[in-house]
Amino acid sequence: MLKRRQFLQVSAVAAVGALYPISLLGQGRPRNPLRIPDLLDGERLDGIRQYALEAGQGRSRFLPGLETPTLGFNGSYLGPTLRLRNDEEVRIGVHNRLDETITVHWHGLHLPAIADGGPHQEITADGRWDARFRVNQNASTCWYHSHQIHKTGEQVYRGLAGMILLEDAQSRALELPDEYGVDDIPLIIQDRRFHSDGSLRYVENQRDIMMGHHGDTMLVNGTFDPVFVPVTRRVRFRVLNASNARNYRIAFSDGRRFHQLACDGGFLAEPLAVTDVTLAAGERCEIVAEFSDGAPVDLVSLPLPDDSPLRSRGMMGGMMGAIANQGFHLLAIEPQSQLTATPELPPVLASVPDPASFAVDRVRRFELDMRMGMMGGGRGRGRRGGMGGDRFSINGRSMDMGIINERVPLDSTEIWEIHNNSPMMHPFHIHHGQFRILDRDGRAPGPHERAFKDTVIVAGGETVRVVMRFENYADPVTPYMYHCHILEHEDNGMMGQFVVE
Ligand SMILES: [Cu+2]
């Protein structure tokens, strides 16, 4: 059970930090029904399942009485949920109706580099781009978002993101809640900052870059102060941290237990009973919660524990402590009076191979650095100097579109040893596919992350080893990316490129 102190922190801190004090939320006035993004199933044409996305500008109503200029796919904010099926050929056509260049990256998908939607697959203003690939991986919850060089943070912040549900034979065979929008619910969690006229505030000072841009107002699926009404006893939530920088510690306000089914890249071996789950930027999880008692409850984000490895160290820890201490209400849940029965969770979800059994061809090391400027810290390792220069780097280099940093042989298995030289955590994301976590500073990963992942938390000072198979798609010219998923860090250089050849 959660400690009483934690609940007090949730309400106290949220009241201070939020644009609309938490005490006013949901008290005697209607909340906003949780928006459910449209489900895009595609249309089969000549054996290819075709999807169409159109990026455009819009105006969104988030806050009472205010309009916010936003970006979206097929709508004013965020995009439809794409449902993909394993082994199907797909074509996703993207039309960029904006007056700026974007890209659309399929985060978590294993596909050819040319279809990845990274910074090299630019879609200029009014341009079109087709991603063609064969779906080739386990059932999972992935997402798509802009990956435009130096602009990813801003474009995602304004709305260029959406969810992807990947099905396979295994996921269809399991008796899990899977009726989209009814008992299988996407939760795209984002924090935003607003001007008094309703427009979005983005990166206002160097701190927003250094710590990553954090907001004081929560949106779930682009809904402010949302309420969800369960009609079934069990509900599966697919939780995506689509925030630019913020870590969440997701829990229920009454401390109830729930089950985690999956992390980024697919199912855990069996459902894991937990009372909270932590998600860094870019990470996903699937959870199932019970509402049989019919009692209303809130989904919240709790302050990080005092000893959390996600807390920054040293001077950075002092600066970021206020953020780590924040708690937020995310979603009010008010079950309908009559709830439809749903089957018990299956005891076994998937067969998940032991990462220690992988035959490894090579170990590569990646060192993450952020230079603190006037604040001190970091280590000088051959970077170019100057304010606003290479403050964020991997192996001493900031992202350079013209440099391939690593060349990985096709059909090889590698350990990537990621060492964080900086005092704050970074969620490290690798394109091309899914990996397993071998260990953290030599210790086994937690039970919640013993499945396929594409984004891994690397705490300040920590060394995390992941093992990944590089296969199926060789292209000596077009690179995949690896980077920090705090988007302001990515945009400012904590990113590198590799080819599989
Ligand atoms: Cu970072």
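This one's a predicted model, so the numbers in the text were calculated from it and none came from an experiment. The figures here come from the full heavy-atom set of this structure, side chains too, leaving out hydrogens, waters and symmetry mates. First listed ligand is number 1; within each ligand, the first listed atom is number 1.
Checked against a 6.0 Å centroid threshold, the rings of Tyr482 and Phe366 count as neighbours. Between His431 and His483, the distance from one ring center to the other falls under 6.0 angstrom.
Applying the ring-ring contact (aromatic ring centres under 6.0 Å, His included) criterion to Phe498, with sequence neighbours excluded, gives Trp416, Phe470, Tyr480. With sequence neighbours left out, the salt bridge (Lys or Arg N to Asp or Glu O under 4.0 Å) criterion links Arg192 to no other residue. Residues satisfying the salt bridge (Lys or Arg N to Asp or Glu O under 4.0 Å) test with Glu122, not counting sequence neighbours, are none.
Within the protein, the number of N, O or S atoms lying under 2.8 Å from the Cu ion (ligand 1) is 3.
Partner of Thr455 under the side-chain hydrogen bond (donor to acceptor under 3.5 Å, both in side chains) criterion, chosen from His107, His485, Glu283: His107.
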